[in-house]
Each structure stands twice: as structure tokens, then as C-alpha cells.
Protein chains: 2
Amino acid sequence: MTDDFASILSSERLQAGGSGPLYVKLRRTLEEAIRTGSLGHGDALPPERDIAEFATVSRVTVRKAIDELVSDGLLVRRHGSGTFVTKPVSRVEQRLSQLTSFTEDMARRGMTSRSEWLHKGIHTPSPDEMMILGLATDVKVSRLSRLRIADNQPLAIENASVSGEFLPDPFVVTTSLYAELERHQVRPVRAVQRISATNMKEEDARLLGVSVGAAGLSIERISYLGSGRAVEFTRSLYRGDAYDFVAELTIGTP
Amino acid sequence: MTDDFASILSSERLQAGGSGPLYVKLRRTLEEAIRTGSLGHGDALPPERDIAEFATVSRVTVRKAIDELVSDGLLVRRHGSGTFVTKPVSRVEQRLSQLTSFTEDMARRGMTSRSEWLHKGIHTPSPDEMMILGLATDVKVSRLSRLRIADNQPLAIENASVSGEFLPDPFVVTTSLYAELERHQVRPVRAVQRISATNMKEEDARLLGVSVGAAGLSIERISYLGSGRAVEFTRSLYRGDAYDFVAELTIGTP
DNA sequence: TCTTACAATACCAAAAAAATACCATTTACC
DNA sequence: GGTAAATGGTATTTTTTTGGTATTGTAAGA
């Protein structure tokens, strides 16, 4: 039982929860906590047994309270895993200014995350790639494409292009492209990110499970070595209805 | 096992790592060590077996912790060789950006810019505004709405809400909201910006001269005083086909 | 008295977590 | 070059945690 819950479920609060059966008071208390944000979207509730013990009621009573919140759509149960606060719109935030990892970010929201590879291959560079990566005519380019999935919902398509000089064999990449580059002592030190909005084309829409024309957040990133040489070029397309990009800015004093 | 690791993985630290499963605590401990620099980039971790023995957990548990750090790009594995700390891109930080005005922004891009006021007024705050700006019930809010035009093309709709305490009279604002706030010694020092993609509604599409459903870049910004008090809340909608948001990221150890 | 809502107890099943045992690759030393 | 030690990789099993369900008891109201 977390400390947060100690205050949320304090017996005073439960008693003050108005009249009626125990499970109704408990439900109102939980509902209030969700609406006020004491329980954030994606947060896990403590185990039913813990709640029962803390509120000194039986587990069935706790379950009855939770039952109603589940049928109202405020909570979601996962057998063997826990009970979680639902997200009204499944919005995921990425905070650049914080050092939170993707896994932890998702875990904090009670979401599981994984990837599916769509493509790995060696290609003759497109004009775009040649220009951006500054390739000689005879150098090949490695392309890696994958679908990022959160809570079994496709969230984004990631297309990476890397110069063959830095990544001759794209098939060795398993989880992290950057980890693979690191293995060859290739270390980008700077990146430029370009964020724009675009309407989904048919194939992207199909992969992401949205309708054609839906708004998508396109993020293009080019990363550079200390020498100024471009290493990698990634085009990502995020579902506009499921992804927020959050940045914190500080104002310089002139 | 090095002495360094003895302190990094001391069982006290592992216990103090908060609640949750063992592998999560272990992951957090390692992550912390990497972030604080106790483990520099390029350093090798001790063998998994050693870590397991020292932390008195099974090797699989150690591997699970390391797995997540690998997929986040903080660590790199080399079969038969060891596990090493990388200098990953997932640890990018957005360079301290200045809160630039639209005019400056466009000037930097070599474009002429002007605005057309759509609305100025004093209103009873909406629930959104009350929550975000932290307003008392009897305080009014000033709303400013204008169309931003660059190179004679409508580019964005800007809706600003400012607490009446800071801007009692919105009609005095002519060009820059920030300049007007500055006149009253109101100086935001921090802002949080949320960028997302959305499909244009009819009215927005008409004002911006695009078709309904076209992709738009929605940027919400809340700016704060040094005290943490929110000053202003701006919702902007940019034409997705005409505006890019560019951020430069530097990669490095904090 | 009978019905019904409420609450408690005891046990079931699924999922996650952790441990065990064994496999594959790299490195180093001979 | 070959071989053994060291290291990460994987499959399988066991334990623990968590929600799910059936049964029973109790008290209020028809």
C-alpha cells in the first residue's frame, strides 16, 4: 500500500463519504480520487487485498466498489496483473527535458510497450538520403523500419536510414539502433528534430489502425557526429490522437 | 566485482530503491548509477553472474533489469565479452530555448509577418482556464485571439488566456502580449509546451484557408512565473502544411 | 416467514516474477 | 590453430502475486 493511498483511503474520508453501504462510500472515494487526479491515468490501484486490509473491509466489498467503476469505464482490470485507471484518450507524452526512459514512461502509465520490425535491408540511397547523409555515389544505405506498440495499440512507425559506412549490416540490430552504432564506436553528439503535422496516407493509416486522412505527428531527426557528419536520419509518424510531444522551455535573461 | 559496484549495488541501496519487483529496483539502481556518472560511458558492467551473486538475486532477474536498459539504449551487450554503458540518444536534452515571439520566429526564417485581431475581451473563466491558471472564482480572464499571417498567407490561429490579475485590460495589447506583461513587471521564466497533431475543424480551416480535415499542428503553451504561478495559457493552431517546429538537441551526460 | 441486499470466508485461475539448468559466442592463453 | 575459461543467451520450471468465483452468514424490509 502506497502512502498516496493512505491519504486517499483514510478512514476519516471513508466515513465522511456520506451515507449508504460501505461499498458505495468506497466507490465514491475512489471516484473522487480519479476525478481530482490523485489517481492519474494509467496508475495502478493497490491490490484488492491491500485496499481491503487498509480500509478494514472485506475484499468482496472492495471488489463491488471497483466493479461499478469498471462498468463505468473508469477502471480496467487485468487478471494476475492489477487494476488500472483508464486513460480517457490514450495520450502518451514524451518529455525531452527529463531523463525518463521509454520503458519507464510507459510503465508509469501502466502500459506495456514493444516493437515489431517491418523491414530491414540494404539499399541504393534515395536522393533525399544522399543529400541528408552526405553519401558518396557508391555507398549503400541501411534502412530499418518498425512499428512501435503501446498497450497492444500501434502508436508510431519509425523509419531509420543509416549510411552503410556506419551500419553495413542492418540485420544485427535487435532493439536499439544506437546501441548497435555504439558497438562500432559511432557516437552522435547532436541531433536536429523537426516536428510537423501531416495527414495519414493509406499504408500508414492501415499500420496504425486509423482512418486515412487522420492527423499524424511527423518527427524527423537527423543526428550528427562531433565532426558535423550526419550519421542517421529517422522519420517517425505518430498517431495524432494518441501522442503528445511535451517540451519544457526556459526563458533566457538577456 | 569491483569495489565501485559494492557501493553501487549495496543491498541498502537496493532496498531503498522504492517499492516494486526486484528487477525494477535493480534497474533503477543501475539507471541512477549511469545518470550520476558512477558508471561512465564505455565502462563495463561486472558479469551478470557476479551482479546476481552480490545482489543475492538470480541471474535472470539481473538480466531482466539489464534488458530494459538495453532496449532504452543505456547499455550495450556483447556476447562473450560483457555489458557496457553507452552514451545513448534517449538521454537527449532540449537545449535551453528561448520563448521567442511569433514575429522573431518568422524574421529568423526570413519571412514577413503580421497579425489580424479576431477578438479581445474580458470573460468569466471556463473550467479549463480556472484549473490551468489557478484562478479564484471571482477573477475574470482576458482573452486574446488573432490570426498570424506570414508572407501574406494565414499561418496560425492564436488563442491566449491571461488572468485578469496580470492583464486587467486586454484592449491595451497591440502587438506583443509579453511586452504588455513586462510593462507590469510580470515576467514568466518558464513555459511548458505541448505539441500535438489534429484535424482541422470547419471554422479553423476557413480562417486558415485550408480544407476541413487537413492536418494542423496544435501547440499549447502555459507560462509560469518564478513562483510557479501560471500567467498565461495559449492555444495555437498552425497549418500543418506550412509550419515546422524545429528543436535542436544536444547529447551528453548531465 | 421469506426475500433481498450486504458483507465475510474460502478457494480457483491467470499472470508476472524469480529461480534453475543448459546453450552459444567471444576471448585469451597455450 | 586449438582449447579452455569467461561471458552473454535461452528454455523450462517453480513460486508469488493478483484478480475471479462460489459459498455462507447476517440483517433489514416486505
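Keep in mind the model is a prediction, meaning the values are calculated, not measured. We name chains A, B, ... by the order of the sequence lines, and we start the count at 1 in each one.
- Between B:Arg49 and D:dA6 there is no side-chain N or O to OP1 or OP2 distance below 4.0 Å.
- Looking at A:Arg235 and A:Asp128, a side-chain N of the basic residue comes within less than 4.0 Å of a carboxylate O on the acidic one, giving a salt bridge.
- For B:Arg59, no side-chain nitrogen or oxygen approaches OP1 or OP2 of C:dT20 to under 4.0 Å.
- Listed pair A:Thr83 / D:dG19 meets the phosphate criterion, a side-chain N or O lying under 4.0 Å from OP1 or OP2.
- A donor N or O paired with an acceptor N or O is not found under 3.5 Å between the base of C:dA15 and the side-chain atoms of A:His79.
- Contacts of B:Arg78 with the nucleic acid, taken as non-hydrogen atoms under 4.0 Å apart, involve only primed sugar atoms and P, OP1 or OP2.
- One can place CG of A:Leu26 at 11 Å from P of C:dA8, the figure rounded to the nearest angstrom.
- If you take CD of A:Glu48 and P of D:dT21, they are 11 Å apart, rounded to a whole angstrom.
- Closest to the side chain of B:Pro47, out of D:dA22, D:dT7, D:dG20, is D:dT7.
- Side-chain N/O atoms of A:Tyr23 include one lying less than 4.0 angstrom from OP1 or OP2 on C:dC6.
- Going from atom CG of A:Leu45 over to atom P of D:dT17 covers 19 Å, rounded to whole Å.
- Side-chain N/O atoms of B:Arg77 include one lying less than 4.0 angstrom from OP1 or OP2 on D:dG9.
- Going from atom CD of A:Glu53 over to atom P of D:dT18 covers 12 Å, rounded to whole Å.
- The side chain of B:Ser81 contributes no N or O atom lying less than 4.0 Å from OP1 or OP2 of C:dT25.
- Counting to the nearest Å, the P atom of D:dT15 and the CG atom of B:Leu22 are 17 Å from each other.
- Straight-line distance from the CG atom of B:Asp50 to the C1' atom of D:dA5: 14 Å, rounded to whole Å.
- The existence of a salt bridge linking A:Glu165 and A:Arg229 is confirmed by a sub-4.0 Å separation between a basic side-chain nitrogen and an acidic carboxylate oxygen.
- We find that A:Arg221 and A:Glu232 are joined by a salt bridge, their nearest charged nitrogen and carboxylate oxygen being less than 4.0 Å apart.
- Between the B:Glu129 side chain and the B:Ser126 main chain, a donor and an acceptor come within less than 3.5 Å of each other.
- Using a cut-off of 4.0 Å between Lys/Arg side-chain N and Asp/Glu carboxylate O, B:Glu48 and B:Arg77 are scored as salt-bridged.
- Atom-to-atom, CZ of B:Phe84 to C1' of C:dT27 comes out at 11 Å; the value is rounded to the nearest Å.
- Residue A:Ser58 has no polar side-chain atom (N or O) positioned under 4.0 Å from OP1 or OP2 of C:dA7.
- Side-chain nitrogen and oxygen atoms of B:Lys64 include none within less than 4.0 Å of the OP1 or OP2 phosphate oxygen of C:dA18.
- Counting to the nearest Å, the C1' atom of C:dC6 and the CZ atom of A:Arg63 are 16 Å from each other.
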